[in-house]
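Written out below as structure tokens is the structure these notes cover.
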Amino acid sequence: MSLQIYIDGKWYPKEEAKISVFDHGLLYGDGVFEGIRSYGGLVFKLQEHLDRLWESAHTLMLEIPMTKKEMEKAIIETLRINQLLDAYIRAVVTRGVGDLGLDPAKCKKATCFIITDKITLYPESLYKKGLSIVTVPTVRNLPEAINPSIKSLNYLNNILAKIEAKNSGCVEALMLNHQGYVAECTGDNVFMIRKNGTADGKPLLLTPPIYLGALKGITRQAIVEIAAAKKLAFQERILTRHDLFNADEVFLTGTAAEVIPVVKIDGRKIGDGKPGPVTGSLLAAFHQLTKKSGVRYSL
Ligand code: PXG
């Protein structure tokens, strides 16, 4: 059976799942989305993803034509119809069908669709060997322009950065903000570890504050909570490329990547050039969390 896609209350085979060319999500990138995962019949951090979707929509004055509970039901029903226990879930809300003008008031009702599919993971070798990333010239969107905390359908900023990374032979880009401070990657938040970073010589985990121009990542938050439970010292701190170059470990976090080590940035070796022990223990703890927490469903 073909993959079934939810659009505005009905399910369609993927070949027939279509939305209008007059939808402002397509014409202007006017809409919001979430990328969510389920692990063995548990939807990970579903409430947090729905909250972020609703917050992004609120800022855009985009009214989502269903409740969070209804969206939750629609997601779980879509997973069931497609018989998926381990899945990548994409929930999208667009401004809806309007005319060729910008005016969102011409769009009478938002369009909601949900795609659930098998997840395509980064190859296992990247977790074993670690990523090599590169700083790109395209800076992260200004918070005063398109705030990076809005998970909108306008991802051109990130796509340009991704193209620049790929042109340099890397799969991921390090993005700075307009002041030159580390912001995030194209679809992941960034962390670093100093192995003797605390006053008493213990490891210190650092990540840039959100206001410097990053998405408030749900995986980022999970890692911060895991660090607290492990009594690993953590601070949000303004970071430069110099700080990352001289870190003992660097890793990225995101729904797709989970926790992935970075071993080279702009040709500089990070630490000993191999994925580090703190990154490894955070990834293991994250895997544990995905196995035991989430919204449970059965097929
Ligand atoms: N920063 C940005 C810009 C993102 O888009 C993250 C950080 C990580 O957030 P979460 O909540 O997932 O921990 C994201 C999320 C993909 C893909 O297929 C990932 C995202 C968006 C679109 C596609 O890897 N990212």
Side-chain angles (χ1 to χ4, degrees), residues 25 29 31-39 43-56 86-93 113-123 126-127 131 133 136 138-143 145-166 170-177 181-191 207-227 236 239 250-260 262 282-283 285-287 289-290 293-294:
V32 294
F33 77 103
E34 280 297 319
I36 313 168
R37 267 175 88 166
S38 76
Y39 292 87
V43 187
F44 187 65
K45 303 275 182 196
L46 181 55
Q47 194 57 49
E48 287 80 351
H49 282 284
L50 293 175
D51 289 345
R52 189 169 67 185
L53 186 69
W54 256 257
E55 283 180 13
S56 294
D86 292 277
Y88 186 78
I89 302 155
R90 177 63 59 92
V92 184
V93 183
F113 61 90
I114 300 164
I115 306 168
T116 58
D117 206 350
K118 292 197 186 79
I119 170 121
T120 42
L121 298 169
Y122 278 107
L126 287 184
Y127 292 85
L131 289 180
I133 66 173
V136 294
T138 297
V139 299
R140 196 74 182 93
N141 281 329
L142 279 173
I146 300 175
N147 192 314
S149 288
I150 306 166
K151 203 160 164 59
S152 85
L153 291 181
N154 191 322
Y155 253 54
L156 275 182
N157 182 233
N158 315 57
I159 289 167
L160 286 171
K162 189 89 168 177
I163 290 168
E164 288 158 356
K166 293 190 87 171
C170 291
V171 294
E172 193 42 290
L174 179 67
M175 300 185 78
L176 308 179
N177 74 1
Y181 296 124
V182 172
E184 60 178 337
C185 292
T186 66
D188 298 292
N189 291 107
V190 59
F191 283 84
T207 196
I210 295 303
Y211 65 79
L212 287 188
L215 183 76
K216 205 169 166 189
I218 287 162
T219 320
R220 175 188 186 273
Q221 183 57 29
I223 291 302
V224 169
E225 287 166 20
I226 287 169
E236 285 190 348
L239 298 175
V250 171
F251 63 85
L252 312 181
T253 64
T255 296
E258 301 178 326
V259 175
I260 193 159
V262 173
L282 290 169
L283 176 58
F286 183 79
H287 279 160
L289 188 65
T290 61
S293 71

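Remember, it's 1-based here, ligands and their atoms both numbered in the order they're listed. Just so you know, these numbers use all the heavy atoms, side chains as well, and skip hydrogens, waters and symmetry mates.
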At under 4.0 Å between heavy atoms, what of Phe44 touches ligand 1? The answer is neither
Can you tell me if Asp86 uses its side chain to pair, donor with acceptor, with the backbone of Lys118 under 3.5 Å?
no
Which ligand 1 atoms, with their elements, are less than 4.0 angstrom from a heavy-atom of Thr255?
10 (P), 11 (O), 12 (O), 13 (O)
For Glu258, is there an ion pair with Arg37 - N to carboxylate O distance below 4.0 angstrom?
yes
With the threshold set at 4.0 Å, does a side-chain nitrogen-carboxylate oxygen contact exist between Glu34 and Lys45?
no
Considering all heavy atoms of both residues, which atom of Pro208 and which atom of Ala183 are nearest to each other, and what is their separation?
CG-O, 3.8 Å
How are the rings of Phe251 and Phe191 set to each other: parallel, tilted or perpendicular (split at 30° and 60°)?
parallel
Between Cys185 and Leu252, the two heavy atoms sitting closest are SG-CD2, 3.6 Å
Is a donor on one side and an acceptor on the other found under 3.5 Å between the side chain of Tyr127 and the backbone of Val259?
no
State the atoms of ligand 1, each with its element, that fall below the 4.0 Å cut-off from a heavy-atom position in Ala256.
24 (O)
Taking atom 1 (N) of ligand 1 as the reference point, the nearest protein heavy atom with its distance:
Glu184 OE1, 2.6 Å
Which bit of Asn189 is near ligand 1, meaning a heavy atom under 4.0 Å away: side chain, backbone, both or neither?
both
Under 4.0 Å from any heavy atom of Tyr88, which atoms of ligand 1 are there?
17 (C), 18 (O)
Could you check whether any heavy atom of Arg140 sits closer than 4.0 Å to an atom of ligand 1, since that is the contact criterion I want to use?
yes
Checking heavy atoms under 4.0 Å, the part of Thr186 that sits near ligand 1 is backbone
for atom 5 (O) of ligand 1, nearest protein heavy atom and its distance come out as Tyr155 OH, 2.4 Å
Within ligand 1, which atoms have a heavy atom of Asn158 less than 4.0 Å away?
3 (C)
Please answer whether the main-chain N or O of Thr186 pairs with a side-chain N or O of Glu172 as donor and acceptor at a distance below 3.5 Å.
yes
Glu48 and ligand 1 - part of the residue with a heavy-atom distance under 4.0 Å:
neither
Does Met175 reach the side chain of Asn157, with side-chain heavy atoms less than 4.5 Å apart?
yes
Say whether Thr253, considering both its backbone and side-chain N or O atoms, lies within less than 3.5 Å of an N or O atom on ligand 1.
no
May I ask whether Gln221 has any heavy atom positioned less than 4.0 angstrom from an atom of ligand 1?
no
Out of all atoms in ligand 1, which are within 4.0 Å of some heavy atom of Ile218? Include the element for each.
10 (P), 11 (O), 13 (O)
Considering non-hydrogen atoms of the protein only, which is the closest contact for atom 14 (C) of ligand 1, and what is the distance?
Gly187 O, 3.3 Å
Looking only at protein heavy atoms, identify the closest one to atom 13 (O) of ligand 1 and say how far it is in Å.
Thr219 OG1, 2.6 Å
Just jot down the ligand 1 atoms closer than 4.0 angstrom to any heavy atom of Phe33, in number order.
21 (C), 22 (C)
Please confirm whether the backbone N or O of Gly29 pairs with a side-chain atom of Asn154, one donor and one acceptor, at under 3.5 Å?
no
Check whether any side-chain heavy atom of Val92 lies under 4.5 Å from a side-chain heavy atom of Ile114, and answer yes or no.
no
Do any heavy atoms of Met175 fall under 4.0 Å from ligand 1?
no
Counting only nitrogen or oxygen atoms and a 3.5 angstrom limit, does Arg52 reach ligand 1?
yes
Within less than 4.0 angstrom of ligand 1, does Lys151 place any heavy atom?
yes
Please identify which atoms of ligand 1 are closer than 4.0 Å to at least one heavy atom of Arg90.
22 (C), 23 (C)
Can you name the atoms of ligand 1, numbered from 1 with element, that are less than 4.0 Å from a heavy atom of Gly217?
9 (O), 10 (P), 11 (O), 13 (O)
Do Leu289 and Glu225 have side chains that get closer than 4.5 Å, going by heavy atoms?
no
Side chains of Thr253 and Asp188: does their closest heavy-atom pair fall under 4.5 Å?
no
